[in-house]
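This one's a predicted model, so the numbers in the text were calculated from it and none came from an experiment.
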Amino acid sequence: MDDTITKEQLQEKLDALQIRMDEVSKSENTYRLLFQNSLEGIGVSKEFRIIDANNALLKILGYDDINEIKEHPFLEFIVPEDRLSIQAKIAERMKGDTSYNHMIFKMIRKDGKIIDVETAHIGMQAGEERFTLSSFRDITEKVKTEDELRRSEELYRITLSNISDAVFITDETGVFTFVCPNVDTIFGYTHEEVSALANIALLLGDKLFDPAELKNSGELQNIAWDIVDKKGDKHNLLVNVKSVAIKGGTILYTCRDITELKRVEKKILDLAKFPGENPNPVLRISKDGEIIYANRGSEPLLKYWKCQVGQVLSEIFKRKITEVFCSGLNSTEEIEFENNVYSLTYTPLHETNYINIYGYDITQQRKLEERLQIREHLDSLGTLAGGIAHDFNNLLAVIFGNIELLRSEAAGFTDEQREFLDEASYSCRRAAMLIKNIQFLSKGVVEQTTDVDLYQTIKNVFEFLDDTPDKNIEKIIHIRPGEYIISGKPDQLHQAFLHLGSNALEAIQRKDAKTGDFIKISAEECHITANDRRGLSPGKYVHIFFEDTGTGMTERVKRKAFDPLFTTKERSSQKGQGLGLAIVYNIVTRMHEGFIEIESTEGKGTVFHIYLPLSLAQSSGDSEYLDGNKEKNATILVVEDEKSVRRVTEKMLRKHGYTVMTAADGIEGLEVYNAHYNTIDLVMLDLSMPKMSGKMFLEKILNTNPNVKVIISSGQSEEEMQKYKQAKGYLSKPYNIDNLIKMIGKVLD
């Protein structure tokens with residue numbers, strides 16, 4: 001067979017090959033043209049390095065030449081925090097998955113700017129080599145717009161959630177496209193319940209407005225509409241309806257609840273319509289100050305003005321009328337007369353040249369506000385007390401302790417020297433009682449509630465008051481033993497009645513006591529029902545009458561009597577600064593949830609009306625006291641940071657035969673206790689110490705010995721000390737030797 005190719009045949013094959021090469025070249029040029037002019041960035045990468053990129057990708061990344069891109073691995077164009085995850089995802093593309101994988105991540109332009117890019121990647125095989133074809137789209141502005149939209153929607157959501165109006169959007173048939181989150185504030189239904197109704201006609205009815213009228217005007221305002229909420233309560237609404245184009249809706253509803261406003265308007269109209277039946281003042285006064293009309297409730301006001309119907313107000317009172325009429329606006333003022341406080345509302349009526357006045361008796365409201373103000377003052381004073389009591393009591397403890405040590409060595413003293421010691425000791429006790437009085441004004445309860453015989457408490461108080469040098473003042477108890485058993489705190493009640501008694505003695509002595517003057521206690525049982533004007537809880541109470549024939553009080557003094565920042569005493573007075581009644585008020589109202597008010601006539605005397613809760617149980621009798629005077633051969637660790645308090649306590653204890661160890665702070669105390677805990681019988685512990693607090697020290701020695709006996713000795717309040725339930729006893733500074741030894745004996749027993 002002749003395989004020889006002729007020259008003509010060879011030329012034909014060459015021509016055919018040339019045509020084919022031309023077609024391939026043309027196809028490649030077409031591809032390159034499409035590749036370079038694509039609106040999306042396109043890149044070809046191999047082993048995470050871009051080997052080709054079109055103009056759009058160069059523009060996205062901020063480069064002018066493909067060679068600049070080829071100099072860097074592809075991952076360098078991705079923000080560092082996304083590189084590992086993107087590398088893993090692209091690696092999956094290179095395993096042969098021919099589906100596009102869309103991703104969004106942040107890339108770094110040549111100028112350092114961070115942009116958001118949406119990409120798609122696909123793996124390709126060319127012979128033995130693997131490539132990745134990727135498309136890129138700069139979506140930075142789109143992401144920014146979406147973020148702004150999200151912030152706008154969040155602001156929109158927060159705004160709608162916090163307005164008092166209810167807002168709805170519906171389509172033209174009334175089907176909800178939006179229901180505000182706070183719809184329950186007016187309708188009582190939850191957002192889900194309203195949405196489930198589907199159509200606003202089921203919520204507001206289908207007669208709210210004429211659709212044709214809305215179409216013509218585009219907005220209907222201030223439609224008065226009544227609805228019944230989920231609980232069956234009626235609400236007056238003011239509804240606005242507006243044509244809109246938002247969130248697929250066409251109608252916007254805004255509903256405002258004006259129920260309370262309508263109620264007030266009705267009240268004012270009723271007052272104007274039936275002034276004669278109104279117990280409060282209703283008047284009409286002309287522009288010139290002439291009283292045209294006044295109902296019966298206005299009589300006290302007319303008396304205050306010293307004017308009658310048909311007469312013109314004096315200049316001092318007419319000034320307010322002129323001021324209101326010139327302003328053209330409603331005005332309100334408060335006036336006080338005949339032990340009452342009235343709020344007066346002036347309403348000018350320019351078309352008639354009149355001013356209507358509507359008055360309300362707010363006496364009771366003002367009393368409640370004054371009581372609240374007293375409570376606030378008590379809280380402030382209590383906070384102050386907490387700050388100074390600890391340090392002051394530590395100082396008193398040193399003074400009192402050293403006086404007690406001197407008294408125990410007073411056998412060789414003269415009578416005058418013993419009198420000096422007695423006076424100093426008495427002054428220390430008074431100073432300690434002053435701090436305790438202030439601490440009583442702080443928050444919280446110190447004593448446990450128990451059954452208290454009112455007779456026995458009053459009897460003890462009157463026996464104490466019998467020491468007064470003026471024997472003309474009779475002390476009368478119109479209560480039988482065991483007749484009234486109070487659920488209360490004995491020491492606090494004793495203190496309250498002692499303050500009342502001391503004040504009564506002073507009030508009588510100020511007007512020169514004479515035969516017939518007295519302090520008298522009587523009582524009666526009463527039952528308090530719900531909604532009591534005094535604010536007491538329902539139940540049985542004892543109504544106590546604490547009466548004296550002293551100087552009495554003015555109206556101003558009565559109103560301020562319980563305020564701890566008010567006093568009638570001169571600043572130079574040696575009789576204190578008038579905290580007594582504030583303490584009484586605190587004990588009765590806060591500590592016992594009772595009530596107290598004052599009935600007094602200046603120059604004739606005072607009656608305190610006190611309401612305290614009765615107990616159903618009977619008193620269990622007198623408390624038993626342990627004998628704490630027995631001297632013990634015991635070792636006591638005193639942990640106290642105040643050097644002078646530590647030294648005087650050590651002297652007291654050693655004088656009574658105790659072995660004493662001391663520590664200046666919690667850390668030193670812990671070292672001493674851990675070294676000698678087998679021989680230490682009792683620990684006296686201060687609470688406020690540097691380096692390690694008393695609380696932490698107590699916790700640590702309890703871990704060593706759960707049965708350790710500890711007495712908390714502090715200048716803080718008893719309430720603060722008794723928070724430490726692990727302690728066996730509590731001593732308030734300052735304390736005398738007898739109390740100290742009794743407490744130690746009680747705990748050691």
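Using a distance-only test at 3.5 Å, with no hydrogens or angles considered, no donor-acceptor pair links the side chain of Asn182 to the main chain of His191. Although no hydrogens or angles enter the test, the distance criterion places no donor-acceptor pair under 3.5 Å between the side chain of Asp82 and the main chain of Phe105. Between the side chain of His235 and the backbone N or O of Asp226 there is no donor-acceptor pair closer than 3.5 Å. Checking side-chain atoms of Trp225 against main-chain N and O of Leu204 turns up a donor-acceptor pair under 3.5 Å. Remark: side-chain polar atoms of Thr259 are paired, donor with acceptor, to backbone N or O of Asn236 under 3.5 angstrom. Remark: side-chain polar atoms of Asp65 are not paired, donor with acceptor, to backbone N or O of Glu68 under 3.5 angstrom. Checking side-chain atoms of Thr332 against main-chain N and O of Thr345 turns up no donor-acceptor pair under 3.5 Å. Judged by distance alone, the side chain of Glu668 and the main-chain N or O of Ala664 form a donor-acceptor pair under 3.5 Å. Side chain of Arg83 to backbone of Leu75: a donor-acceptor contact under 3.5 angstrom is found. In this structure a side-chain-to-backbone donor-acceptor pair under 3.5 Å is missing from Arg150 to Thr145.
Taking the six-membered ring wherever Trp is involved, the centroid distance between the rings of Phe168 and Phe176 falls below 6.0 Å.
Side-chain atoms of Ile200 and Tyr253, non-hydrogen and from C-beta on, do get closer than 4.5 Å to each other. Residues Pro348 and Asn330 meet the side-chain proximity criterion, which asks for heavy atoms closer than 4.5 Å. Looking only at side-chain heavy atoms (C-beta outward), Ile42 and Leu133 come within less than 4.5 Å of each other. In this structure the side chain of Leu238 never reaches within 4.5 angstrom of the side chain of Ile223, judged on heavy atoms. Side-chain atoms of Leu698 and Lys695, non-hydrogen and from C-beta on, never get closer than 4.5 Å to each other. For the pair Met107 and Leu61, the minimum side-chain heavy-atom distance is below 4.5 Å. The shortest distance between side-chain heavy atoms of Ile355 and Val324 falls below 4.5 Å. Side-chain contact check for Arg256 versus Ile258: some heavy-atom pair is nearer than 4.5 Å.
Atom CZ of Arg109 has more than 12 heavy atoms from other residues, nucleotides or ligands within 6.0 Å. For CD of Glu172, the number of neighbouring non-hydrogen atoms (other residues, nucleotides, ligands) closer than 6.0 Å is 12 at most. Within 6.0 Å of NZ on Lys110 lie more than 12 heavy atoms contributed by other residues, nucleotides or ligands. Annotation: Glu40, atom CD; neighbour count of heavy atoms from other residues, nucleotides and ligands within 6.0 Å is above 12. Around the NZ atom of Lys230, the shell of radius 6.0 Å holds more than 12 heavy atoms that belong to other residues, nucleotides or ligands.
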Inset, instruction - Test Leu58 against Asp64 for side-chain contact (heavy atoms from CB on, under 4.5 Å), laying out the working first. - result: CA-CA 6 Å; Leu58 292 175; Asp64 298 321; over 6 Å; no
Inset, instruction - Step by step, work out the side-chain contact (heavy atoms from CB on, under 4.5 Å) result for Val241 and Leu252. - result: CA-CA 6 Å; Val241 185; Leu252 171 68; over 6 Å; no
Inset, instruction - Determine, step by step, whether Asp165 and Cys255 satisfy the side-chain contact (heavy atoms from CB on, under 4.5 Å) criterion, reporting the C-alpha distance in whole Å, the side-chain angles of both residues, the deciding distance to 0.1 Å, and the verdict. - result: CA-CA 6 Å; Asp165 295 348; Cys255 304; over 6 Å; no
Inset, instruction - Verify side-chain contact (heavy atoms from CB on, under 4.5 Å) between Ile701 and Val710, making sure each step is shown before the conclusion. - result: CA-CA 10 Å; Ile701 63 173; Val710 177; 4.0 Å; yes
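Note: Ser243 OG to Leu220 CG = 8.0 Å, rounded to the nearest 0.5 Å. Rounding to the nearest 0.5 Å gives a distance of 8.0 Å between CG of Asp641 and OG of Ser688. A distance of 14.0 Å separates NZ of Lys113 from CD1 of Ile108, quoted to the nearest 0.5 Å. Residue Glu260 holds its CD atom at 4.0 Å from CZ of Arg263, rounded to the nearest 0.5 Å. Here CE of Met689 is found 10.0 Å from CD1 of Ile667. Values are rounded to the nearest 0.5 Å. Taken to the nearest 0.5 Å, the CD1 atom of Ile114 stands 11.5 Å off from the CD1 atom of Ile78.
Heavy atoms only, all atoms of each residue included: Asp171 and Ile251 are closest at O-CD1, 4.0 Å. The minimum heavy-atom distance linking Ile712 with Ala727 is given by the pair CG1-CB, 3.6 Å. Ala53 approaches Ile50 most closely through the heavy-atom pair CB-CG2, 4.2 Å. Between Val639 and Gly669, the closest heavy-atom pair is CG2-CA, 4.3 Å. The two residues Asp229 and Gly188 make their nearest non-hydrogen contact at CB-N, 4.4 Å. The minimum heavy-atom distance linking Val117 with Thr119 is given by the pair CG1-CG2, 3.6 Å.
When only modelled atom types and interatomic distance are considered, Asn705 and Tyr673 share a side-chain donor-acceptor pair under 3.5 Å.
Relative orientation of the Tyr63 and Phe77 rings is perpendicular, given thresholds of 30° and 60° on the angle between their planes.
Tyr346 carries Lys320 over the face of its six-membered ring, with the cationic atom under 6.0 Å from the centre and within 45° of the normal.
For residues 199-219, the set of pairs meeting the side chain to side chain donor-acceptor pair (under 3.5 Å) definition, not counting sequence neighbours, comprises Glu219-Gln221.
Judged as a side chain to side chain donor-acceptor pair (under 3.5 Å), and not counting sequence neighbours, the contacts of Lys106 are Asp116.
Between Lys231 and Asp233, none of the side-chain N atoms (NZ, or NE/NH1/NH2) sits under 4.0 Å from a carboxylate O, so this pair counts as no salt bridge.
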